[in-house]
Protein chains: 2
Amino acid sequence: MSMQDTATSGVALWRLVADGIERGIADGRFAAGDKLPGEMEIAETYRVNRHTVRRALAALAERGIVRAERGSGTYVEAQRLAYPLRSRTRFSEIVGADGREPHGRLIETSDDVATRELSRELGLKPGAPLVRIEAIRLADSTPICVSTTWLSAELFPGAGNVFAATRSMTKLLEHYGVHDYRRGATRITAGIVDATDAARLDLPLGRPILVVDATDNDLGGKPLVTKHSRFAAERVEFLVEP
Amino acid sequence: MSMQDTATSGVALWRLVADGIERGIADGRFAAGDKLPGEMEIAETYRVNRHTVRRALAALAERGIVRAERGSGTYVEAQRLAYPLRSRTRFSEIVGADGREPHGRLIETSDDVATRELSRELGLKPGAPLVRIEAIRLADSTPICVSTTWLSAELFPGAGNVFAATRSMTKLLEHYGVHDYRRGATRITAGIVDATDAARLDLPLGRPILVVDATDNDLGGKPLVTKHSRFAAERVEFLVEP
DNA sequence: TCAAGTTGTCTATTATAATAGACAACTTGG
DNA sequence: CCAAGTTGTCTATTATAATAGACAACTTGA
């Protein structure tokens, strides 16, 4: 790992080391509670100065992924939330199944009008009035994802206020008489978190995110809501059932 | 976007700007062929020096995502491969449907033994002999993903040689009398590319990847192969059907 | 208790990132 | 043709990343 790599990648060396260690944890090469190799040994494997390793470990410690114990070693502290993508998916159930407490928090809501893209997803006319809800979802106190959700303002008048009160999309839909719904078309890709989402997800800049665009339909297949969600990749793992 | 952000994120400022512009292209804020805002304007929106913007644009140009024209402006050149995750998914068909030519390239094959994890995926005993195939898949000459594939060495003797000859997993399975198969459990997450994969995918370090762990089964549901694939996130978009 | 191995902290030096300003080279539309 | 707006290139300065070495503080196991 020479200096040239950094020059062309725009990623600091210590960050590459931190990412490598984190990947090792995600892979299971280092399990929760395990002791990492010593700073000197890590420095040798990455061909990097020990101070650079220390900075990498400090960054991981800051995020609660490892914990350094003076004189003893540095230990692992992490793991990911398993997130099944079934046709009937409820955030609260997934988090509950992991033994954690689900929370929702409203960031803001606003009126909006359908772009061509949004109108197609929701089966409306371009320019149709929409309600936009920006929200964050957490497991215990750890932010898992931020979502931008759009609903028809005509079908769901005052949806923003209802969400503010219930802080749950499922309860919001129930309020309008929708007692069940199903996931429709879903697109998944990955990207790098932007400054706004980084603050909301409590992530450092430059971290990977899973970007999910999805539409939920009623049981007749009619679109109800469409969402643009950004998940902290280090905190979740999507499970696609066969 | 102040200096402090960079200090704590380990990502260079120019890289954040480049990622922002790339996100704009992925989002559709800038379409293929569009002219980007001027360097001065970009510098103002990101609150960054024009030289920093130039470096960001140079990096994007290097990767063929934008093209600068002196005196005129900088123009967009990119887009993503739509990759449906159906139960019957064939790389060649997906790439062909996009009007591009699918290719496979063998990196290496080796004998391996099943870890507890692998044995569970494949329905074998821990320690069972496996064939490991490391391969890269391309659309035209653009690398899309690298995959590590494991098969039972007893059920598929000499699988490495067969893959080297056919360069296709579908043809390999056909060689052993498997004429159809289905995707089984699939796990998706995101991460940052490591140095080895970066070279194979022709990606700069620090770019996001989609990490997919999947098992393919025969029509009776018996596991055939299990794969660990890393996709260049900037080149694909997974579509999960309802 | 002690030696070996660990993390923590300090000083110093060099390479690179980012800023700043000026001007050249070129394109476009009026 | 010309003026306005664009990208390209140069010099210079400052802040930060990364390296290097030394030693302190602490833990562990023999």
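Below, read A as the first sequence line, B as the second, and so on, with proteins coming before strands; counting in each chain starts at 1. Just so we're clear, the structure is a prediction, and the values are computed from it rather than from any experiment.
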Protein-nucleotide distance ([X], atom [atom1]; [N], atom [atom2]), rounded to Å:
X       : N      : atom1 : atom2 : answer
B:Lys35 : D:dT7  : NZ    : C1'   : 11 Å
A:Arg55 : C:dT9  : CZ    : C1'   : 16 Å
B:Glu39 : C:dA20 : CD    : C1'   : 15 Å
B:Leu36 : D:dG5  : CG    : P     : 19 Å
A:Met40 : C:dT6  : CE    : P     : 10 Å
A:Glu44 : D:dT19 : CD    : C1'   : 15 Å
B:Arg54 : D:dT6  : CZ    : P     : 13 Å
A:Leu57 : C:dT9  : CG    : P     : 14 Å

Closest listed nucleotide, where the reference is the side chain of A:Val48 and the choices are C:dA17, D:dT19, C:dT19: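 Given the options C:dA17, D:dT19, C:dT19, the side chain of A:Val48 is closest to D:dT19.
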
Neighbour count above 12 (heavy atom, 6.0 Å) for A:Arg67 CZ: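 Yes, enclosed.
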
B:Arg167, CZ atom: more than 12 neighbouring heavy atoms under 6.0 Å: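 Not more than 12 within 6.0 Å, no.
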
Salt bridge present between B:Glu134 and B:Arg230 (N-O < 4.0 angstrom):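 Between B:Arg230 and B:Glu134 there is a salt bridge, with a charged N closer than 4.0 Å to a carboxylate O.
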
May I ask you to decide if [Y]'s main-chain N or O and [X]'s side chain share a donor-acceptor pair within less than 3.5 Å?
X        : Y        : value
B:Lys35  : B:Ser72  : yes
A:Ser119 : A:Thr115 : yes
B:Asp98  : B:Leu81  : no
A:Thr52  : A:Ala43  : no
B:Thr189 : A:Val236 : yes

Spacing of A:Arg15 atom CZ and A:Arg55 atom CZ [to the nearest 0.5 Å]: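 The CZ atom of A:Arg15 sits 11.0 Å away from the CZ atom of A:Arg55.
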
Spatial distance of atom CD1 (A:Ile136) from atom CZ (A:Arg105) [nearest 0.5 Å]: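 The CD1 atom of A:Ile136 sits 5.5 Å away from the CZ atom of A:Arg105.
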
Heteroatom pairs (N/O) under 3.5 angstrom, protein to nucleotides 25-28 of chain D:
{"unit_1": "D:dA25", "atom_1": "O4'", "unit_2": "A:Arg70", "atom_2": "NH2", "d": "2.4"}
{"unit_1": "D:dT27", "atom_1": "O4'", "unit_2": "A:Gly71", "atom_2": "O", "d": "3.4"}

Phosphate contact (C:dA17 OP1 or OP2) by B:Thr52 side-chain N/O below 4.0 Å: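 Checking C:dA17 against B:Thr52, no side-chain N or O comes under 4.0 Å of OP1 or OP2.
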
Any N/O pairs under 3.5 Å between the protein and nucleotides 21-23 of chain D? List them or say none.
{"unit_1": "D:dG21", "atom_1": "O6", "unit_2": "A:His51", "atom_2": "NE2", "d": "2.4"}

Parallel, tilted or perpendicular: ring planes of A:Tyr83 versus A:Phe91, cut at 30 and 60 degrees: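 A:Tyr83 and A:Phe91: tilted rings.
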
Dot-bracket summary - DNA chain D, pairs being Watson-Crick or G-U whose distances fall under 3.5 Å, with | when paired to another strand: ||||||||||||||||||||||||||||||

Upstream residue (5' side of DNA chain D) when A:Val53 and B:Ala68 are each assigned their closest nucleotide: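 Its nearest nucleotide being more 5', the pick is B:Ala68.
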
